[in-house]
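What follows is one structure encoded as structure tokens, with my remarks underneath.
Convention: sequence-line order gives letters A, B, ...; per-chain numbering from 1. These values consider heavy atoms only, across backbone and side chains, with no hydrogens, waters or symmetry-generated copies.
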Amino acid sequence: MTGAPSPGSVQGPSNEGDRLPEIQKVVTQEQIHAYADAARDWNPIHLDEQFAAGTQFGTRIAHGMLGLGFISEMLSTAFPDGWAAGGTLKVRFKSPIFPGETVRTVGEITKVTETDEGRVATCSIGCIRPDGSEAISGTATVPLGE
Amino acid sequence: MPIQDRGNTIHTARISQLSLIVTIARSEPELVLADYQPGHVFDDHSFEITAAEAKAYADAVGDSSPAASDGKIPPMLLIAAGLSRVIEALELGGGTIHASQEVNFGRPVSPGEKIVARTTLRGNSVRRGSRFATVETEFLAGGRRVASSVSLVIVPE
């Protein structure tokens, strides 16, 4: 993991413009196999090079949900109390992550809303490939509990 | 390591070379994915996630965040478990890809907690030679919703 919450947000990001902690991962084929077993998703497009060669991608790709797992890790790190208890997320899988690529998560609070239940942060979130393209892009909301 | 499956509404399925054949709960006639209309509710599926399975998932993702530590169930594992069951039940083909995902978490779930997944087909159409299927799953524990998800998958025709 690299990066850190924005300076001044001692207890984590909570204000508009605060960045979420960046997570960097080197995605390996071994990891993709481990994920397939753990998530029970053995789609051959992730595991079988011969099969994957015949798809639009020409080779194996990581599970989209693996990349989303990185984003969830970022959100849980930024919001240890709120993410799993009231968090929401909406993303598009825009391009695949290939084995061997190093990806990083990005996130920033774009809006804080006062509600009857307390403050809610709206965040832009994403997972970025080495060439700068977005593998995953979307938004999340997390209760700040204040 | 497979996630424990205690469902009593097992969906069995076969794929022919020409079409996706799905048999639901053995008693229903064989159906292809194209036969399901939006609004179709699949049989409930119950399962639980053990601490060991949660650790295997966290290790695979490399997730050491608070939500994945100390034996907790990483929240996205619940969603992945539900999605894999949909893919498994429908035996979606190997070229199936995941296009978008929505998630709503109510509360964390605990290892060994009985979860009921209730999946509804929200969309089912063909565009540009591929089938676009939208499935919504509610995750219930003790009759109360603990999470929900909406997944759009694209299946080559």
With hydrophobic residues grouped by side-chain heavy-atom distances under 4.5 Å, do B:Leu140 and B:Phe47 end up in a single group?
-> no

Measure distances from B:Leu152 to the heavy atoms of chain A and classify the residue's part below 4.5 Å as side chain, backbone, both or neither.
-> neither

Given a strict heavy-atom distance threshold of 4.5 Å, which part of A:Gln56 is in contact with chain B: side chain, backbone, both, or neither?
-> side chain

Which bit of A:Phe70 is near chain B, if near means a heavy-atom gap under 4.5 Å: side chain, backbone, both or neither?
-> both

Decide yes or no on side-chain contact (heavy atoms from CB on, under 4.5 Å) for A:Asp41 and B:Ile87, but give the supporting numbers first.
-> CA-CA 8 Å; A:Asp41 183 348; B:Ile87 292 171; 4.2 Å; yes

Report, by ascending residue number, the residues of residues 128-136 of chain A in heavy-atom contact with chain B at a distance under 4.5 Å; give 'none' if the set is empty.
-> none

Report yes or no: do B:Val150 and B:Leu33 belong to one cluster of Ile/Leu/Val/Met/Phe/Trp/Tyr joined by side chain heavy-atom distances under 4.5 Å?
-> no

From B:Ile97 CD1 over to A:Thr55 OG1, what is the distance, rounded to the nearest 0.5 angstrom?
-> 9.0 Å

Value for OG (B:Ser84) from NE2 (A:His63), rounded to nearest 0.5 Å, stands at 9.5 Å

Between CG of B:Leu83 and CZ of A:Arg40, what distance do you get to the nearest 0.5 Å?
-> 12.0 Å

Among residues 103-137 of chain B, which ones touch chain A with a heavy-atom distance under 4.5 Å?
-> B:Val103, B:Asn104, B:Phe105, B:Gly106, B:Arg107, B:Pro108

What are the residues of residues 60-75 of chain B, in order of number, with any heavy atom under 4.5 angstrom from a heavy atom of chain A?
-> B:Ala60, B:Val61, B:Gly62, B:Asp63, B:Ser64, B:Ser65, B:Pro66, B:Ala67, B:Pro75

ILVMFWY cluster, A:Ile61 and A:Leu68 together (side-chain gap under 4.5 Å) | no

Mind checking which of residues 85-98 of chain A sit less than 4.5 Å from chain B, heavy atom to heavy atom?
-> A:Ala85, A:Gly86, A:Gly87, A:Thr88, A:Leu89, A:Lys90, A:Val91, A:Arg92, A:Phe93

Worked verdict on A:Glu73 versus B:Met76 for side-chain contact (heavy atoms from CB on, under 4.5 Å) | CA-CA 9 Å; A:Glu73 179 183 358; B:Met76 206 56 75; over 6 Å; no

Using a cut-off of under 4.5 Å on heavy-atom pairs, state which of A:Ile32, A:Ile45, A:Thr141, A:Leu66 scores highest against chain B.
-> A:Ile45

Check each atom of B:Ala99 against the heavy atoms of chain A and say whether the ones under 4.5 Å are side chain, backbone, both or neither.
-> backbone

Any chance you could measure B:Asp59, atom CG, to A:Gln31, atom CD, to the nearest 0.5 Å?
-> 10.5 Å

Are A:Leu47 and B:Val153 grouped together when hydrophobic residues (ILVMFWY) are joined by side-chain heavy atoms under 4.5 angstrom apart?
-> yes

The reported gap from CG in A:Asp37 to CD in B:Glu53 (rounded to nearest 0.5 angstrom) is 11.5 Å

In terms of hydrophobic clusters joined by side-chain contacts under 4.5 Å, are A:Val103 and A:Val106 together?
-> no

